[in-house]
Amino acid sequence: LPTDGIYTVLLQPLNGSTGSTNLVISGEQSGTVALGIPASLVLPTPGQEDFLTFSGTAGQMINAWLVNSTFGGCFPISITVISPSGAKLGSGSPCDSSAGGITGLTLPVTGTYTIIVEPNNGQTGTTNLILSGEITGAITPGVSTPVTFNFPGQEALLTFFGGTGQVTGLKISGINF
């Protein structure tokens, strides 16, 4: 709201309908989140949203996932990342209570970003937000390179040098997910 004061809500049933309804005014929750540190979110009021900020660097790749939600059904909650300029960078909505979100989002500028977590259809419940970065590194041909994924939605971007005309194969072993 722009200023302190009294505000008015206008309800107008369509087509001259009669009946009753219930209203709940809910305030937003705010806080901060850091890479690799899960944030527990409690949204007990219909229509309530959580606004969490984090510091990001231009070119940084992030993943923002919701896990262990108590919200039911398909697409019960949505997550949106907003840039420092206010532009929407990405959004996602898990189709069940296990996990889902935004993967591999590249931040365009250095600054403070906002993640909005919003239950859909007036749902209430709890969830955990995990903000993680990408795993990066180099692969040396002929040498086994271990990769450990510590967070849901995390990706690995590994590079190697290849020469013109070189025949290359990739073997993945020791899979433990």
Side-chain angles (χ1 to χ4, degrees), residues 1-3 7 9 24-139 145-160 170 172 177:
L1 301 176
T3 63
Y7 289 83
V9 175
V24 175
I25 297 287
S26 60
E28 65 184 45
Q29 299 180 135
S30 61
T32 59
V33 64
L35 246 55
I37 301 173
S40 296
L41 309 179
V42 179
L43 298 153
T45 307
Q48 193 169 32
E49 299 172 321
D50 235 320
F51 289 75
L52 300 147
T53 59
F54 70 94
S55 295
T57 305
Q60 180 180 8
M61 290 184 72
I62 60 130
N63 308 295
W65 271 55
L66 299 174
V67 298
N68 302 323
S69 293
T70 61
F71 298 91
C74 198
F75 310 116
I77 189 167
S78 60
I79 182 171
T80 304
V81 177
I82 306 293
S83 74
S85 70
K88 178 180 171 182
L89 294 181
S91 64
S93 188
C95 190
D96 58 32
S97 62
S98 60
I102 304 167
T103 301
L105 185 66
T106 302
L107 304 181
V109 298
T110 297
T112 301
Y113 289 79
T114 302
I115 297 175
I116 303 170
V117 178
E118 178 180 16
N120 298 323
N121 302 316
Q123 288 201 39
T124 62
T126 62
T127 190
N128 292 301
L129 170 66
I130 298 177
L131 184 65
S132 65
E134 299 297 306
I135 299 167
T136 59
I139 302 170
T145 303
V147 180
T148 302
F149 297 89
N150 294 312
F151 304 104
Q154 197 168 30
E155 298 176 331
L157 301 170
L158 306 170
T159 61
F160 68 94
L170 177 67
I172 300 173
F177 290 99

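For the numbers below, each heavy atom of this structure counts, side chains included, while hydrogens, waters and symmetry mates do not. Bear in mind that the values here come from a model prediction, so they are computed numbers and not experimental data.
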Next on the checklist: Determine whether a donor-acceptor pair (N or O, by modelled atom type, separation under 3.5 Å) exists between the side chain of E134 and the backbone of Q154.
Outcome noted: no

Item to check | Set of side-chain contact (heavy atoms from CB on, under 4.5 Å) partners for T32, sequence neighbours left out | outcome: T53

Checklist entry - Where is the tightest heavy-atom contact between G122 and P46, given as atom of each residue plus distance? => result O-CB, 3.5 Å

Checklist entry - Between OG1 of T127 and CG of D50, what distance do you get to the nearest 0.5 Å? => result 10.0 Å

Next on the checklist: Would you say that L43 contacts F71 through its side chain, given a criterion of any heavy-atom pair below 4.5 Å between the two side chains?
Outcome noted: yes

Checklist entry - Of all heavy-atom pairs between V33 and I37, which one has the smallest distance, and what is that distance? => result CG2-O, 4.0 Å

Next on the checklist: Run the side-chain hydrogen bond (donor to acceptor under 3.5 Å, both in side chains) test against S40 and tell me which residues pass, sequence neighbours left out.
Outcome noted: N128

Next on the checklist: Among residues at least two apart in sequence or on other chains, which ones pass side-chain hydrogen bond (donor to acceptor under 3.5 Å, both in side chains) with S132?
Outcome noted: N63

Next on the checklist: Restricting to side-chain contact (heavy atoms from CB on, under 4.5 Å), what partner residues turn up for L107, sequence neighbours left out?
Outcome noted: F54, Q60, I62, L89, Y113

Item to check | Sequence-distant partners of F149, ring-ring contact (aromatic ring centres under 6.0 Å, His included), two or more places apart | outcome: F177

Checklist outcome for this item: What one should report as the nearest heavy-atom pair of P108 and A58 is O-CB, 3.7 Å

Item to check | Residues forming a side-chain contact (heavy atoms from CB on, under 4.5 Å) with T106, sequence neighbours excluded | outcome: M61

Item to check | Set of residues satisfying side-chain contact (heavy atoms from CB on, under 4.5 Å) with respect to S91, sequence neighbours excluded | outcome: T80, K88

Item to check | Heavy atoms of other groups near N150 CG, more than 12 under 6.0 Å | outcome: yes

Next on the checklist: Working note: Q123 + I77, criterion side chain to side chain contact (heavy atoms under 4.5 Å, CB included); need CA distance, chi angles, decisive distance, verdict.
Outcome noted: CA-CA 8 Å; Q123 288 201 39; I77 189 167; over 6 Å; no

Checklist entry - Which one of I79, T114, L129 satisfies the side chain to side chain contact (heavy atoms under 4.5 Å, CB included) criterion with L52? => result L129

Checklist entry - By side-chain hydrogen bond (donor to acceptor under 3.5 Å, both in side chains), which residues pair with S93, not counting sequence neighbours? => result none

Item to check | For V147 against A156, the heavy-atom pair lying closest together | outcome: CG1-CB, 3.9 Å

Next on the checklist: On a heavy-atom basis, which atom in A64 and which in I115 lie closest, and how many Å separate them?
Outcome noted: CB-CD1, 4.2 Å

Checklist entry - Would you call I130 and P38 a side-chain contact if the rule is heavy atoms closer than 4.5 Å? => result yes

Next on the checklist: For the CD1 atom of I102 and the CG atom of L131, what is their distance to the nearest 0.5 Å?
Outcome noted: 10.0 Å

Item to check | Residue list, side-chain hydrogen bond (donor to acceptor under 3.5 Å, both in side chains) with N120, at least two apart or on another chain | outcome: none

Item to check | From OG1 (T126) to CG (N68), nearest 0.5 Å | outcome: 8.5 Å

